[in-house]
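Reading through the structure tokens given below for one structure.
Bear in mind the structure is a predicted one, so any value in this text is a computation, not a measurement.
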Amino acid sequence: MSAVRRITHGVAAALDHVGLLRRHFERRGGLRILCYHGVCADEVLGEPWVPSYFVGASNFARQIEIIQRFAAVVPLAEAVERAADRSGGAESALAVTFDDAPACNLAHARHVLRTSGVRASFFVATGHATTGQLFVADVLRLLRWRPALAPPGNQAALAALVRTPAQHKRMRLDELAAVLRMPEQVVRARLEPAVRDVLRPMNWSELQQLADEGHEIGAHTVDHAILGAQRPDVRRVQILDSAAEVERRLGKRALGFAYPNGGPEDFGPEDYATLREAGVVYALATRAGFADAADPLNLPRLCIGRGHTPASFALELSGLVDRRRLRQQRWR
Ligand SMILES: [Zn+2]
């Protein structure tokens, strides 16, 4: 950890200790939505194949304790309703969400949610839940970590993508499939189960179990399509088909939708009519902020990753550093 970060963490820990961060949050009031992806075993968190946006199990348990100290933790649908009806004043609420629903959450997030009584929302790329296909960002990270996982043959386009993985976020689905369809199958087949079972998407029977435990299952496109990079007809199909598939598989309409990647260039108001047509009531970005005054189809969230210590987590939760976060995320 750098000297600046150590000092920031030290100050945050001191402010948290005297309750100042919680008081700032209460004074500000409003709705805060947390965005997780995977919660994994502490021992694997530092492995090069684990995304930086995963959180270790013991940190996750600690973070759930902290949010319950800050405010009422309520199901997202209820939180959004409360935010829309602000007549009762600036009452605070918190909601917990997970994007992509990787399988490690079954072993490491589920029991913490159960014992703490927190009902969370899981946003699922429906095609991945059906096929078990690994996510593009994971495949590229795995290939960077262990090049021998790649299929044989001349794969210049694949090698270029592995060198600059962020490039995939601006590619159309058909372009991505041309480079990655076969490599993904090979990586998935060659990968040891211990790694695959951390990163693989949950299947529908696992998602049904979460739904039965009171968690919300929402849509996250079919193919984890970053909408801003796709043609209008593809954007539309990705939204409509994923919401329909959640309802068909689980017998419950998807009220919520999370935009893959969720950044400023990754979706736009042109998607709103399709979302409404799909029956979606609220949609989530990854922009930092409180969700109270926001457009229900562009709700901000606080993204949590492995860099968060309990102190820096409490600092971000308080809202004191939202402006810095927004600058980092290049939101205007
Ligand atoms: Zn995602």
Side-chain angles (χ1 to χ4, degrees), residues 1-37 39 42 45 53-76 78-98 108-109 111-121 284 286-294 299-329 331:
M1 201 187 288
S2 73
V4 174
R5 280 194 77 189
R6 256 202 308 277
I7 292 164
T8 310
H9 283 230
V11 171
L15 294 176
D16 187 34
H17 186 68
V18 296
L20 202 128
L21 297 177
R22 183 176 53 79
R23 282 204 299 282
H24 181 271
F25 181 87
E26 278 171 358
R27 253 201 316 277
R28 163 64 176 75
L31 168 61
R32 197 80 155 148
I33 306 169
L34 300 185
C35 174
Y36 288 95
H37 286 79
V39 177
D42 292 346
L45 193 63
Y53 44 85
F54 274 27
V55 170
S58 55
N59 246 342
F60 180 67
R62 184 80 189 90
Q63 288 167 3
I64 294 294
E65 275 172 36
I66 293 170
I67 62 172
Q68 291 188 311
R69 188 152 56 76
F70 269 56
V73 184
V74 298
L76 181 58
E78 190 185 320
V80 171
E81 229 167 77
R82 277 201 206 187
D85 175 22
R86 295 259 291 158
S87 52
E91 196 190 345
S92 299
L94 283 154
V96 176
T97 70
F98 293 82
H108 300 287
H111 70 279
V112 176
L113 296 172
R114 192 187 297 136
T115 52
S116 60
V118 169
R119 286 195 283 154
S121 301
L284 306 160
T286 51
R287 168 169 56 92
F290 281 78
D292 37 22
L299 293 174
R301 285 188 290 180
L302 180 58
C303 296
I304 308 303
R306 72 166 161 227
H308 284 95
T309 60
S312 68
F313 174 81
L315 178 67
E316 287 227 33
L317 193 60
S318 74
L320 273 170
V321 291
D322 275 1
R323 241 182 258 159
R324 195 187 68 190
R325 252 299 154 133
L326 284 168
R327 273 201 305 277
Q328 285 170 350
Q329 295 174 324
W331 282 92

Task: Verdict with supporting geometry, His308 and Glu316, side-chain hydrogen bond (donor to acceptor under 3.5 Å, both in side chains) - done: CA-CA 9 Å; His308 284 95; Glu316 287 227 33; 3.1 Å; yes
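The minimum heavy-atom distance linking Ala57 with Val39 is given by the pair CA-CG1, 3.7 Å. The shortest non-hydrogen separation linking Val74 to Ala93 is CG2-CB, 4.1 Å.
Atom-to-atom distance recorded for Ile304:CD1 and Ser312:OG is 8.5 Å, nearest 0.5 angstrom. The OG atom of Ser116 sits 12.5 Å away from the CD atom of Gln63 when rounded to the nearest 0.5 Å. Taking OG from Ser92 and CZ from Arg27, the interatomic distance works out to 11.5 Å, rounded to the nearest 0.5 Å. Distance check, rounded to the nearest 0.5 Å: CD of Glu81 to CD of Glu78 gives 7.5 Å. Within the model, atoms OG1 of Thr97 and CG of Leu299 stand 10.5 Å from one another, a figure rounded to the nearest 0.5 Å. Atom CZ in Arg327 sits 8.5 Å away from atom CZ in Arg324 (nearest 0.5 Å).
Other residues, nucleotides and ligands place more than 12 heavy atoms under 6.0 Å from the CZ atom of Arg114.
A heavy-atom distance below 4.5 Å is not found between the side chains of Pro300 and Ile33. By the 4.5 Å heavy-atom criterion applied to side chains, Arg287 and Leu326 are counted as neighbours. For the pair Val118 and Gln68, the minimum side-chain heavy-atom distance is below 4.5 Å. The closest side-chain heavy-atom distance from Leu21 to Leu317 is not below 4.5 Å. You'll find the side chain of Leu284 reaches within 4.5 Å of the side chain of Leu76, heavy atoms only.
Partners of Thr286 under the side-chain contact (heavy atoms from CB on, under 4.5 Å) rule, at least two apart in sequence or in another chain, are Arg301, Cys303. Looking at residues two or more places apart in sequence or on another chain, you find a ring-ring contact (aromatic ring centres under 6.0 Å, His included) between Phe25 and Phe70, Phe290. Asp322 pairs by the side chain to side chain donor-acceptor pair (under 3.5 Å) definition with Arg32, not counting sequence neighbours. Not counting sequence neighbours, the partners of Ser58 by the side-chain contact (heavy atoms from CB on, under 4.5 Å) test are Asp42. Val112 pairs by the side-chain contact (heavy atoms from CB on, under 4.5 Å) definition with Phe60, Ala61, Ile64, not counting sequence neighbours.
Proximity of a side-chain donor or acceptor of Asn59 to a complementary backbone N or O of Arg306 within less than 3.5 Å is not detected. With hydrogens and angles disregarded, a donor-acceptor distance shorter than 3.5 Å links the side chain of His24 to the backbone of Ser318.
Within the structure, salt bridge (Lys or Arg N to Asp or Glu O under 4.0 Å) pairs that include any residue of residues 54-64 comprise Arg62-Glu65 (at least two apart or interchain).
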